[in-house]
Amino acid sequence: MPTALPYEEPSLIRLLVFSSLLYLLNLARVVADFLLHGGIVAEIALGVIYGSPLAALLPTEWEETFTVLGYLGLILVVFEGGLSSNLPMLLSNLPLSIICALVGIGVPIAFAFALLNAAFGYKPLEAFAAGAALSSTSLGTTLAALNSVTKDSASASTRGPPSPTTPTKSAIDCSLPTTRSPSPVQRAVTHRSLATEPAATSLQQSRIGTVLISAAIIDDVVGLVIAAVVPALALVQSSTSQSGKTSLAWTIIQPLLSSVLIAAIAPLVARFLLRPLFWHRGVGELWCAPARIDKPWGTWVFAKIGSGWGSEKHADAVKLFLMVVTVSAMAAISYYTGTSILYGAYIAGLILTYISQPPTTPPLPADRDERIAGKHHHKQRTEDLSFEATFSRLVGPVQDHVLLPLFFASIGFAIPFLDLWKPKIIWRGIVYSILMCLAKLAVGLPILFHGPLIHHAPLLWQRIWNSTVAFFARAKPIIPAKYKHSSRASPRSDPPSHKSTPALGDSKDATRASTPPPPLPSSTPAAVFMGVAMVARGEIGLLIAQLARGDSSSGGTPGLLGEEPFLLCIWAILLCTLVGPISLGFIVRRWGARVNAGVWA
């Protein structure tokens with residue numbers, strides 16, 4: 001074994017292949033975003049063309065390397081989703097997210113049994129494995145499509161002439177020194193101009209976006225559980241020993257138990273250990289926020305030197321180190337406890353978002369100028385400590401132009417493209433794909449019924465209560481004292497007359513009958529957005545399908561899926577991953593602010 005790799009100049013062909021792939025991935029994404037609202041489609045198609053399915057221009061070791069780099073980009077996308085999450089909204093909408101996730105898991109499996117087992121005649125375990133592969137949601141694909149749509153909408157909304165209150169870039173640049181950050185006066189002017197502009201809630205931080213991300217996270221965790229269960233089911237099918245059944249039970253319990261424990265322990269560690277350490281004597285703000293007039297950077301040594309130390313780049317370097325340590329720790333904990341690395345990356349983003357929030361400000365003074373200055377100071381501290389902003393500056397360009405395109409291209413590497421074009425596989429695969437799209441669209445039903453249920457539930461409960469009280473008041477001769485005043489008008493009337501009103505709440509019912517309820521904002525755009533955003537499958541679906549197929553052809557572990565059901569799964573995963581981002585971009589651009597309007601803002 002050589003002690004060092006000989007350094008050799010790469011061949012021109014390899015340089016051209018790699019550079020053309022990277023360039024065309026970015027170019028195709030821009031063109032497909034403009035034409036189809038789905039750049040992910042073009043990136044997957046290029047992966048199919050360049051990879052083993054068609055032209056095989058890339059060596060196998062390159063495909064393996066690009067798969068690793070692409071999965072790193074997927075981890076970073078999920079981590080960024082945790083950084084941008086709204087923590088209070090995430091906790092308050094967790095029950096709704098669990099309901100949506102359960103619908104998105106149960107309905108595809110039920111539809112798979114109805115079609116593959118009842119209609120096509122495949123075995124029940126094959127139908128379960130095929131439905132399980134389509135029960136997961138590609139969190140990375142969903143977040144990438146959501147980020148793409150959000151950035152395009154934001155750039156479109158900011159086009160046009162600048163407002164007269166907003167200083168132009170040239171004016172700001174001319175007034176700044178070349179080696180120092182903006183002065184407090186310049187920052188105050190900038191913040192005063194920005195304060196006059198309305199702040200629009202992004203889709204990721206809105207209520208519907210928070211429900212979507214958390215439901216997709218739950219889907220991925222359950223998908224990892226299913227991915228671990230499928231090989232165990234294959235072993236149990238081939239072996240009926242008691243040890244196989246015991247290992248199957250532990251295989252099911254371990255990922256769920258570890259996910260629940262991580263979700264329970266991580267907030268406690270962040271609340272009682274990490275956040276106190278971060279804010280102990282202001283150490284976190286000293287190192288993670290750039291120097292200001294009223295705050296030095298780092299220790300007294302750097303404050304004493306004062307020549308160039310404490311810029312935004314130095315603070316970003318410290319925050320980048322903390323992000324690498326936190327993501328690495330949570331990824332390792334998640335991996336070795338048997339749950340998803342993506343789950344750990346999302347928890348890491350939530351932890352950093354929580355510990356970096358400045359403490360609650362004291363009561364604002366009565367003076368208006370002091371109150372405005374206090375708000376600006378708190379906002380400035382929040383922006384200086386933002387890990388999300390640092391991630392966007394340092395990691396965002398590499399993620400958007402290198403890692404994420406390679407991730408979607410790696411999905412194309414894993415698609416057996418030529419095997420999909422048998423006539424029987426084509427029509428069955430299209431039928432199964434349509435059914436799986438409808439199954440994930442059903443996730444929007446809880447969103448559709450949530451608004452009317454919350455709106456009309458108090459009135460419905462009051463009417464049920466009044467009817468119950470009136471029924472028991474007529475059936476029993478002994479009436480509670482709180483209801484006696486309602487029966488004095490007809491104490492001896494056995495059945496009440498046809499024109500009589502209920503014994504309790506008659507004036508309130510009359511008032512409600514005379515005044516119509518306030519109009520209910522439509523939840524249809526939010527429900528359609530939720531269902532369409534969950535349609536895209538991807539890496540988890542391909543993983544489950546490959547594990548369910550097994551390696552029986554080369555004498556390895558036998559699988560649950562035969563050749564035909566496996567190709568039907570690939571058809572459904574491919575079409576859902578193509579249709580989902582395109583439909584999501586179309587819906588967001590068509591309905592715009594109506595998606596996160598009203599109760600879903």
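Basis for what follows: all heavy atoms, side chains included, without hydrogens, waters or symmetry-related copies.
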With distance as the sole test, does [X] use its side chain to make a donor-acceptor pair with the main-chain N or O of [Y] at under 3.5 Å?
X	Y	result
Ser85	Leu87	no
Arg537	Leu134	yes
Ser19	Leu16	yes
Ser328	Val325	no
Glu80	Glu388	no
Asn93	Val211	no
Ser84	Gly81	yes
Ser583	Gly580	no
Ser386	Glu383	no

What distance do [X] atom [atom1] and [Y] atom [atom2] have between them, rounded to the nearest 0.5 Å?
X	Y	atom1	atom2	value
Leu568	Ile430	CG	CD1	11.0 Å
Leu57	Ile49	CG	CD1	9.5 Å
Leu90	Thr210	CG	OG1	6.5 Å
Ile217	Leu212	CD1	CG	10.5 Å
Leu420	Ile426	CG	CD1	8.5 Å
Thr137	Ile218	OG1	CD1	11.0 Å

Quick one: does [X]'s side chain get under 4.5 Å of [Y]'s, heavy atoms only?
X	Y	result
Val222	Ser135	no
Ile262	Ser334	yes
Trp591	Val528	yes
Arg393	Glu312	yes
Thr390	Met323	yes
Cys100	Met530	yes
Leu320	Asp316	no
Ile582	Phe586	no

For the residue pair [X] and [Y], what are the closest heavy atoms and their distance?
X	Y	value
Leu567	Pro416	CD2-CG, 4.2 Å
Ala348	Met330	CB-CG, 3.8 Å
Leu83	Gly349	CD2-O, 3.6 Å
Gly541	Ser136	N-OG, 3.5 Å
Tyr343	Ser259	OH-O, 2.9 Å
Cys569	Leu561	SG-CD1, 4.1 Å

Candidate pair Ser214 and Ser97, rule side chain to side chain donor-acceptor pair (under 3.5 Å), full reasoning = CA-CA 6 Å; Ser214 52; Ser97 302; 2.6 Å; yes

key: salt_bridge(Lys440, Asp219) N-O dist < 4.0 Å   =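 Here Lys440 pairs with Asp219 in a salt bridge, since their nearest N and O are under 4.0 Å apart.
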
key: Lys422/Glu564 ion pair, N-O < 4.0 Å   = no

query = Phe417 and Ile570: side chain to side chain contact (heavy atoms under 4.5 Å, CB included), yes or no, with the steps?
reply = CA-CA 9 Å; Phe417 189 75; Ile570 298 300; over 6 Å; no

request  = Run the numbers on Leu115 and Tyr432 for side chain to side chain contact (heavy atoms under 4.5 Å, CB included), then give the verdict.
outcome  = CA-CA 8 Å; Leu115 181 67; Tyr432 187 52; 3.7 Å; yes

message = Checking Ser52 against Glu63 for the side chain to side chain donor-acceptor pair (under 3.5 Å) test, could you report, in this order, the C-alpha distance in whole Å, the side-chain angles of both residues, the deciding distance, and whether it holds?
response = CA-CA 9 Å; Ser52 299; Glu63 292 183 350; 3.0 Å; yes

ask   = Is the ring centre of Trp427 less than 6.0 Å from the ring centre of Trp571?
value =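 For Trp427 and Trp571, the ring centres are not under 6.0 Å apart.
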
message = Run Ile213 and Tyr346 through side chain to side chain contact (heavy atoms under 4.5 Å, CB included) and show every step you take.
response = CA-CA 10 Å; Ile213 295 174; Tyr346 186 74; 3.6 Å; yes

ask   = Does atom CG of Leu418 have more than 12 heavy-atom neighbours, drawn from other residues, nucleotides or ligands, at distances under 6.0 Å?
value =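 For Leu418, atom CG is crowded (more than 12 foreign heavy atoms under 6.0 Å).
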
Which residues share a side chain to side chain contact (heavy atoms under 4.5 Å, CB included) with Leu441, sequence neighbours left out =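 Here the qualifying residues are Leu438, Val532, Val535.
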
ask   = Taking it one step at a time, do Leu21 and Leu25 satisfy side chain to side chain contact (heavy atoms under 4.5 Å, CB included)?
value = CA-CA 6 Å; Leu21 173 65; Leu25 284 173; 4.0 Å; yes

query = Can you list every pair that meets ring pair (Phe, Tyr, Trp, His ring centres under 6.0 Å) and has a residue in residues 48-82, with sequence neighbours left out?
reply = Phe18-Phe66, Phe79-Phe391

